[in-house]
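Input: a single structure, listed below in structure tokens.
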Amino acid sequence: MSGLVLKLSPKERVLINGAVIENGDRRSRLSIVTPGANILRLRDAIHPEEAKTPVKRVAYIAQLVLSGDTAPADADIQLMRGIEQLSQVFTDHDSRTQLDAATTAVRDGQHYQALKALRTLIPREDRLIAAQAQGAMALPPDVKPS
């Protein structure tokens, strides 16, 4: 991989190694060629008060690494444990693929990729929580309620 390419919308903000950078009035592309740079799109950021569900809590840990608030070594054990716990709930093929991608990314020190994979599970988690709240028991046979 030659680096990360960010495609930014007008006025979009991104956090790169602790500095908030705002795009101008036009769409643009940035190529990040420095390995290990911590990058977080602020539109994708999970706010602390939003990290109340299992997937969001695990994703938030990855985000803390990207924002520079937690050292990777401190977060990796929590991330791996969290991903393992999520794998007990999300047993369908697509979710497993995303959890495997997150695991590989954490092992490789690619916390942005881990966050990206985990974020794909948030809509699924939202549906599971909504179904439970409604008392619906019509979940697919390969998805266990949490």
Side-chain angles (χ1 to χ4, degrees), residues 4-30 32 34-140 142-146:
L4 176 66
V5 175
L6 294 175
K7 296 176 183 174
L8 301 175
S9 300
K11 300 294 183 189
E12 184 174 357
R13 292 180 177 184
V14 63
L15 183 72
I16 301 177
N17 287 343
V20 175
I21 298 171
E22 183 176 86
N23 190 28
D25 294 330
R26 298 183 191 181
R27 294 183 57 83
S28 63
R29 287 174 37 135
L30 292 176
I32 310 298
T34 303
N38 292 321
I39 299 162
L40 176 64
R41 287 177 182 270
L42 294 183
R43 71 175 183 200
D44 295 336
I46 298 169
H47 297 279
E49 63 275 4
E50 295 172 355
K52 294 180 181 177
T53 65
V55 173
K56 288 180 182 175
R57 280 193 292 265
V58 176
Y60 186 71
I61 295 167
Q63 180 179 301
L64 288 174
V65 174
L66 296 173
S67 67
D69 292 317
T70 300
D74 296 336
D76 287 353
I77 293 171
Q78 291 179 42
L79 283 166
M80 295 302 263
R81 283 186 186 143
I83 292 168
E84 176 59 31
Q85 290 171 352
L86 293 174
S87 73
Q88 302 301 310
V89 175
F90 294 96
T91 58
D92 62 285
H93 177 71
D94 291 338
S95 296
R96 285 292 183 153
T97 300
Q98 295 304 318
L99 290 168
D100 289 345
T103 299
T104 301
V106 171
R107 267 195 242 131
D108 293 344
Q110 300 292 322
H111 295 89
Y112 179 82
Q113 297 300 327
L115 177 61
K116 187 176 168 182
L118 290 165
R119 286 185 62 79
T120 65
L121 298 175
I122 292 173
R124 296 169 195 195
E125 179 184 53
D126 290 344
R127 286 191 299 271
L128 284 173
I129 290 170
Q132 267 189 320
Q134 294 174 356
M137 296 307 292
L139 295 175
D142 58 349
V143 178
K144 300 175 193 169
S146 53

message: Under the rule for salt bridge (charged side-chain N to carboxylate O under 4.0 Å, His left out), what residues qualify as partners of R29, not counting sequence neighbours?
response: none

message: Less than 4.5 Å apart, side chain to side chain, heavy atoms only: is that true for Q63 and D44?
response: no

field: Other residues, nucleotides, ligands: >12 heavy atoms within 6.0 Å of R13 CZ
entry: no

- request: Hey, could you give me the CZ/CD1 distance between R127 and I122, rounded to the nearest 0.5 Å?
  value: 12.0 Å

- request: Apply the salt bridge (Lys or Arg N to Asp or Glu O under 4.0 Å) test between E12 and each candidate in K7, R26, R41, R27; give the one that qualifies.
  value: R41

- request: Quick one: do L40 and L115 satisfy side-chain contact (heavy atoms from CB on, under 4.5 Å)? Show the steps, please.
  value: CA-CA 9 Å; L40 176 64; L115 177 61; 3.7 Å; yes

query: Among all residues two or more places apart in sequence or in another chain, which pass the salt bridge (charged side-chain N to carboxylate O under 4.0 Å, His left out) test with D25?
result: K11

Could you go through residues 100-107 and list every donor-acceptor pair under 3.5 Å that involves a side-chain atom there, pairing it with any protein atom two or more places apart or in another chain?
residue	atom	partner	partner atom	Å
T103	OG1	L99	O	2.9
T104	OG1	D100	O	3.0

statement: The salt bridge (charged side-chain N to carboxylate O under 4.0 Å, His left out) partners of E125 (sequence neighbours excluded) come to none

- prompt: Would a 4.5 Å heavy-atom cut-off, applied to side chains only, mark S9 and N23 as touching?
  reply: no

Rounded distance [0.5 Å steps], CG in L121 versus CG in D126: 11.0 Å

query: Between N38 (side chain) and N17 (backbone), is there a donor-acceptor pair under 3.5 Å?
result: no

field: S87 to T91 - nearest heavy-atom pair and separation
entry: O-CG2, 3.7 Å

query: Less than 4.5 Å apart, any side-chain heavy atom of L8 and any of I21?
result: no

message: Using 0.5 Å steps for rounding, measure from the CD1 atom of I129 to the OG1 atom of T53.
response: 5.0 Å

With a cut-off of 3.5 Å and sequence neighbours excluded, list every side-chain donor-acceptor pair involving residues 69-85.
residue	atom	partner	partner atom	Å
D69	OD2	S67	OG	2.7
D76	OD1	H111	NE2	2.7
E84	OE2	Q88	NE2	2.9

query: For the residue pair L128 and F90, what are the closest heavy atoms and their distance?
result: CD1-CE2, 3.8 Å

- prompt: R124: what forms a salt bridge (charged side-chain N to carboxylate O under 4.0 Å, His left out) with it, not counting sequence neighbours?
  reply: D92

R43 CZ: over 12 foreign heavy atoms closer than 6.0 Å: yes

message: Check this for me: does any side-chain nitrogen of one of E50 and K56 sit under 4.0 Å from a carboxylate oxygen of the other?
response: no

query: L86 versus L118: any side-chain heavy-atom pair under 4.5 Å?
result: yes

- prompt: How far apart are the closest heavy atoms of L6 and Y112, and which atoms are they?
  reply: CD2-OH, 4.5 Å

